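Start at 1 and go down the list; that is how both ligands and their atoms are numbered. None of these values were measured; they are calculated from a predicted model.
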Amino acid sequence: MNSIYERVSDINRTKMIIFKTASDLGHQLDKYRQKGQAIGFAPTMGALHDGHLSLLKTSKSQNQVTLCSIFVNPAQFNDPKDFKKYPSTLEQDIYKLETGGCDLLFLPPVEEIYPDGVTEKKHYDLGYLDTMLEGKFRPGHFQGVCMAVERLLEIVLPDNLYLGQKDFQQCMVIKRLIQLMGKENKIHTNICPILREQDGLAMSSRNMRLIGEQRAKAAALYETLNFLKQNLNKGSLSDLKKEATTLLQEKNFKPDYVEIANAKTLRPINEWDSRTNIVGLVAAYIGDVRLIDNMILN
Ligand code: AMP
């Protein structure tokens, strides 16, 4: 069977099996299920960094079997240039997963995820999550995310799903998707903390695209979130949001948004009662690289 092959790491001799088809993967997963082994799943788009590997590590500590997937989902890129430029480092990714002790890697070609082609046939009722913040600035993005994640979840049917808080809104969207699929009692969602570089920049595959001075300036996103946190007061938040936006602009960022929202519902908050849990969220371009970050503020 040429769609399954094994690679053996020289370093720690862990064996990771790579699958390219849903049916081969499904058969393998059934074997684990028959033995009553819990399956943890961390979906990714590759160009892996320590943030991704932290999901793998958490899954390994909570499941007998851990599966990662690498699939750069064409349906979620509202900007085709962004899709074209999305970094790909497959050989290094495989090495990192093997040495991190990943058991299975799913590496599907587009046809495995979209057997009928990449078309928007289905509409997912995501409510306001679909049209605010990331949904507003990347129209269709979350519908595209849902198309790929639904298919991946149907194939894998994990006991535990591992997602990063880095994509705060996406976590909420995927939880909603799991509800829509009627699987909230079967698939348990685990949100893992944001891993950052030493200067605070949230790890992201897109950071590879930062050139020269851009990389040094990129920590301004994290500084902006800290600014929100340190200057937070009960009452109106609109001046604080404006000042934070100016901070980013001074560092040559072009912000899409600087928002403070209810951490449970993601509804924007303009007047804070000092008790509600809130999250600061930013999205901004530096050059043509769009970065996002967030922080729980209280
Ligand atoms: P991506 O490959 O960007 O689609 O990300 C795959 C998963 O890794 C998502 O659940 C992300 O939220 C998560 N992730 C990305 N960056 C980080 C980070 N810096 N720390 C923790 N998790 C992350």
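When hydrogens are left out, the protein atom nearest atom 10 (O) of ligand 1 is Gly164 N, 2.9 Å; that is the closest non-hydrogen contact. If you check which protein heavy atom lies closest to atom 5 (O) of ligand 1, you get His52 NE2, 3.4 Å. If you check which protein heavy atom lies closest to atom 21 (C) of ligand 1, you get Pro193 O, 3.3 Å. Taking atom 6 (C) of ligand 1 as the reference point, the nearest protein heavy-atom neighbour is Pro43 O, 3.4 Å.
Under 4.0 angstrom from ligand 1, the non-hydrogen atoms of Leu55 all belong to its side chain.
Between the Ser205 side chain and the Gly46 main chain, a donor and an acceptor come within less than 3.5 Å of each other.
Annotation for ligand 1: atoms under 4.0 Å from non-hydrogen atoms of Met203 are 16 (N), 17 (C), 18 (C), 19 (N).
Taking each heavy atom of Asn207 and Ala202 in turn, the nearest pair found is ND2-O, 3.0 Å.
The salt bridge (Lys or Arg N to Asp or Glu O under 4.0 Å) pairs that include a residue from residues 253-263 are Lys241-Glu259, Asp256-Arg290, where partners are two or more places apart or lie in different chains.
Between Met45 and ligand 1, a contact under 3.5 Å exists for at least one N or O pair. Here's the thing with Leu195: one of its N/O atoms is less than 3.5 angstrom from an N/O atom of ligand 1. Backbone and side-chain nitrogen or oxygen atoms of Asp167 are examined, and one is located within less than 3.5 angstrom of a nitrogen or oxygen of ligand 1.
Side-chain contact check for Arg267 and Asn262: no donor-acceptor pair (N or O, by modelled atom type) lies under 3.5 Å.
Residues meeting the ring-ring contact (aromatic ring centres under 6.0 Å, His included) test with Tyr86, sequence neighbours left out: Phe77.
A salt bridge links Asp288 with Arg209: the closest approach of a Lys/Arg side-chain nitrogen to an acidic carboxylate oxygen falls below 4.0 angstrom. Ion pairing of Arg196 with Asp293 is present here, as a side-chain N (NZ or NE/NH1/NH2) and a carboxylate O approach within less than 4.0 Å.
Ligand 1 is approached by His49 to a heavy-atom distance shorter than 4.0 Å.
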